[in-house]
Protein chains: 4
Amino acid sequence: MVTVKFGSNRQITFGGNEFAVLAGPCAVESRDQFTAAAQGVKKAGASMLRGGIHKMRTNPDSFQGLGNGAFSFINEVKNEVGLPFVSEITDARQVGDMLAVVDMFQVGSRNMYNYSLLKELGRTQTPVLLKRGFSATVEEWLLAADYIVKGGNENVVLCERGVRTFEPTTRNTLDLNSVAYVKAHSSFPVIVDPSHGTGRPELIKPLSLAAAALGADGIMVEVHPNPKQSLSDAFQALSFEQFDDIMVDVEKVLSALGRKRLSN
Amino acid sequence: MVTVKFGSNRQITFGGNEFAVLAGPCAVESRDQFTAAAQGVKKAGASMLRGGIHKMRTNPDSFQGLGNGAFSFINEVKNEVGLPFVSEITDARQVGDMLAVVDMFQVGSRNMYNYSLLKELGRTQTPVLLKRGFSATVEEWLLAADYIVKGGNENVVLCERGVRTFEPTTRNTLDLNSVAYVKAHSSFPVIVDPSHGTGRPELIKPLSLAAAALGADGIMVEVHPNPKQSLSDAFQALSFEQFDDIMVDVEKVLSALGRKRLSN
Amino acid sequence: MVTVKFGSNRQITFGGNEFAVLAGPCAVESRDQFTAAAQGVKKAGASMLRGGIHKMRTNPDSFQGLGNGAFSFINEVKNEVGLPFVSEITDARQVGDMLAVVDMFQVGSRNMYNYSLLKELGRTQTPVLLKRGFSATVEEWLLAADYIVKGGNENVVLCERGVRTFEPTTRNTLDLNSVAYVKAHSSFPVIVDPSHGTGRPELIKPLSLAAAALGADGIMVEVHPNPKQSLSDAFQALSFEQFDDIMVDVEKVLSALGRKRLSN
Amino acid sequence: MVTVKFGSNRQITFGGNEFAVLAGPCAVESRDQFTAAAQGVKKAGASMLRGGIHKMRTNPDSFQGLGNGAFSFINEVKNEVGLPFVSEITDARQVGDMLAVVDMFQVGSRNMYNYSLLKELGRTQTPVLLKRGFSATVEEWLLAADYIVKGGNENVVLCERGVRTFEPTTRNTLDLNSVAYVKAHSSFPVIVDPSHGTGRPELIKPLSLAAAALGADGIMVEVHPNPKQSLSDAFQALSFEQFDDIMVDVEKVLSALGRKRLSN
């Protein structure tokens, strides 16, 4: 089990009987947008807040995130709403700075093989959410987690976010086999990202329910106060109403199987 | 919705609120094996019996199925246990013969692009279970269903059975995105085959639960009275105990979401 | 080595020091179109004529080929130009009829796993050009060839035509590794189809040269008298001028390595 | 065209009529091993020396390279044999140090999406050999090159090294379509790595010849004085004899098409 501590004496735990829901915008865009997102997902029952500060963009001309300038208001917002915060680290040199704002580091899909970054995170005790590379085998994913563990940091949570296949209908092919395999054959907690895993808003609910039924330790979902105005991945962001609806049915599935959602 | 009729006046329906469970051995091996399998899956609550008569084998020296010689005892067994029967057709020239034994034709993954076979099945009114080709896009899968429908047979049920990717841990990568997409964007019922979709017995239960939570119209599972002695795909066949256990939890998930299993 | 006989006493051989060039339209569309195509590719030095009679189309509403009605004029045209003819068989029941017009059967990519068809072809002595399934492993491809050989027909030539990957820029990913592997580890002749393998006219020449340098036993290229008016795969058909240009440089590469093109 | 300068006033150029051959061991293991490798590949006609100092290893317990301690003897060896040197950079913080030893930086497949590293390299004027990510689309690869160019460094050479597919026979599937596409649609020079691209020694020669015939600007080949004792990727390293044999036939193919090898 992996514990994420935040605030003066609060914490949430991944890998037990409770199901974590990480939610928030793809990118932190402004204090207003982030405040609205945080309040909305808190109200719907999310257990953790997500939001990108440093974005990995395929195109060098795309929006690259607000960077360190956003730290102060992010800290204010997360304290106001009372949720721990996870955000992606994209360069080993960001570790020191980001410790001022994150309760958990996220390693994105394109950095799963960035062993310099993994080793650097192994030197901290801050929990790490390690996304699967979009063409990484399950074995490579587990070995990437080992880079962090062998560095001295055992607080690793895995995140399946879809793999790259021949199929063009969905942005990625969400591989729930991998999640069931990791649960059966390793001791790492593992969550599912149906937003990137499908890239289609109408598929996020069914795949979230599947993740809950399957035995995953949580989900991470992109939610935006105004999805159409999202600066990145606008096509896959959910509104608060859509997110609420998912939370209700996820609760039903968990309950039927003797589990429950992490309270917030 | 697609209705499969059997016996004097019985029927089951795919695509409504009820969840179908198709179970039985990969291949029909003998009267004793098939009788035992049929009784076991009936007892656990299966709604339909499966079993291969003509097997598609990559290696020309592998067991190719019992062929037409098995028809008489298969008919006796399915009538005794009172379950409809689905079996794979591997050649357009088998249609006439197989009508004597099947209540539903199965088109296997390697035949999804066999348009001659699909057209032939379009000339019957017998329901068809159309597996997705293991590298077929969702669009190609739906167009293959159209070959049957345009021939005059609208009784098509789709079956996701995993796609081929770079991942070696599981036999295939089960693509539940495709199932959610088909439910959202077509009117065909769609079921899931977690046996071929994972190729690992320990993953069949979690993926069956995921299929139920996701909104699939059913699952198809390989069950064998003595899995270790199975003549084909022995590594992925479930025992009756394992199958029972899945059925209990599938029922819980369905019930939580306002659905139920097809009675048998 | 595999020998294709035609006319009264002529023949060509695959698998020796000579390099075969199979060329012609994707589909036989009319006597005029086929005559023009045959004369054009003969003049440029092709050793064999290709052209589809029964087309495999993903969409049931697409042009499905002229069928048996085209046999008489095809026979006249191939005799006039003096080239052997290869065409795709899409149903085991076509074998008898097609023997009247083909000198070599082609099994298309979507039928590589159609074992009924392969067994039927194994009962003839007519050479078979067996295309690799677009998601078939090399081992499966060689086992499919074994279905024909074990039926009694050893005259099998393999054809690499590209595999399905995540890459959208090209229609398929031509796998020349597989060709080099087959040459090193089996005794089957193997040719390359850069038309389907790339799906882009500007890439057909460089990949044809690569095939020649690599040690392939030939290439199969789509050539049309008027590419823009082609009824199928128009986007990848070459004009006579483009085909001529390829032939000249293929000859140079072969000659540098001590080989030559099959005369016609 | 991209020029690599070395020594007092020597240089080689990628992207013109000449074909570059980069050769050397997967990893620099010792002064003796590296000296022998450098002399062997120089004698056979290589135009550039390769060798890993910082290795990217999937398994954290595998040999990670000699690191900076090897710089002094590498400089001595490359000056003695008179060849420019390319080596992989695995962390943006290595740029300053490595400038003391490399004439060209190599960005490995797993770092193609490491935009921090690409931006850092954009701030130098040292040429960069940018390998394609093993699941990167051609468009993503070209956009990664843009990260370097937009940073101010236009000296980018691309390297195709195979993509990840379902095929287990070869380590990767070498995608020569991508090379032809890059030559037709961009102005970047592009070379081919048949060692990683096949992972099988018996396939390296045919794929090297294919690369030469196709119009690639060069190849990069792993050569080791004693392949069986190689500390990494031993299974794909060539002996000097095997490398010599390739060079002779590459020369023949180039010459037939009016090109030649870069002298050394």
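Just so we're on the same page: letters track the sequence lines, and every chain starts at 1.
- Most heavy-atom pairs under 4.5 Å with chain A: of the set B:D249, B:L203, B:N172, this distinction falls to B:L203.
- Under the 4.0 Å criterion applied to side-chain N and carboxylate O atoms, B:E167 and A:R132 are assigned as salt-bridge partners.
- For a residue to count as touching a neighbouring chain, one of its non-hydrogen atoms must lie under 4.5 Å from one of that chain's; by this rule B:T165 touches chain A with the side chain only.
- Counting non-hydrogen atoms of neighbouring residues, nucleotides and ligands closer than 6.0 angstrom, the CD atom of A:E18 exceeds 12 such neighbours.
- Summarising the geometry, atom CZ belonging to A:F166 is positioned 7.5 Å from atom OG1 belonging to B:T137; distances are rounded to the nearest 0.5 Å.
- Of the two parts of B:A212, neither the backbone nor the side chain holds a non-hydrogen atom closer than 4.5 Å to a non-hydrogen atom of chain A.
- Interface remark: B:T170 contributes side-chain atoms only to the contact with chain A (heavy atom separation under 4.5 Å).
- Note: A:L209 CG to B:L209 CG = 12.5 Å, rounded to the nearest 0.5 Å.
- The local environment of NZ in A:K150 is crowded, with over 12 non-hydrogen atoms from other residues, nucleotides or ligands closer than 6.0 Å.
- For the pair A:T198 and B:N177, the tightest heavy-atom approach, listed with the atom from each and the gap, is CG2-OD1, 3.3 Å.
- Between chain B and the residues A:A184, A:P168, A:A210, A:P194, the largest count of heavy-atom pairs under 4.5 Å involves A:A210.
- With chain A as partner, the option from B:R200, B:K205, B:E140 having the largest number of non-hydrogen pairs under 4.5 angstrom is B:R200.
- For A:A213 against B:V253, the heavy-atom pair with the smallest separation is CB-CG2, 4.5 Å.
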(request) Determine, stepwise, if the pair B:L207 / A:L214 fulfils side-chain contact (heavy atoms from CB on, under 4.5 Å). (result) CA-CA 6 Å; B:L207 274 304; A:L214 181 77; 3.9 Å; yes

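- Interface remark: B:R164 contributes backbone atoms only to the contact with chain A (heavy atom separation under 4.5 Å).
- Between chain B and the options A:G215, A:A211, A:G197, A:P206, heavy-atom pairs under 4.5 Å are most frequent for A:P206.
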(message) Go through it in stages, so that I can follow the logic: the residues are A:E202 and B:K183, the test is side-chain contact (heavy atoms from CB on, under 4.5 Å), and I'd like the CA-CA distance, side-chain angles, deciding distance and then a yes or no.
(response) CA-CA 10 Å; A:E202 79 275 21; B:K183 291 304 292 177; over 6 Å; no

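- In this structure, chain B has a heavy atom under 4.5 Å from the backbone of A:A136, while its side chain stays farther away.
- Only the side chain of B:L257 comes within contact range of chain A, with at least one heavy atom under 4.5 Å from a heavy atom of that chain.
- The contact between B:T173 and chain A is made by backbone and side chain atoms together, counting heavy-atom distances below 4.5 Å.
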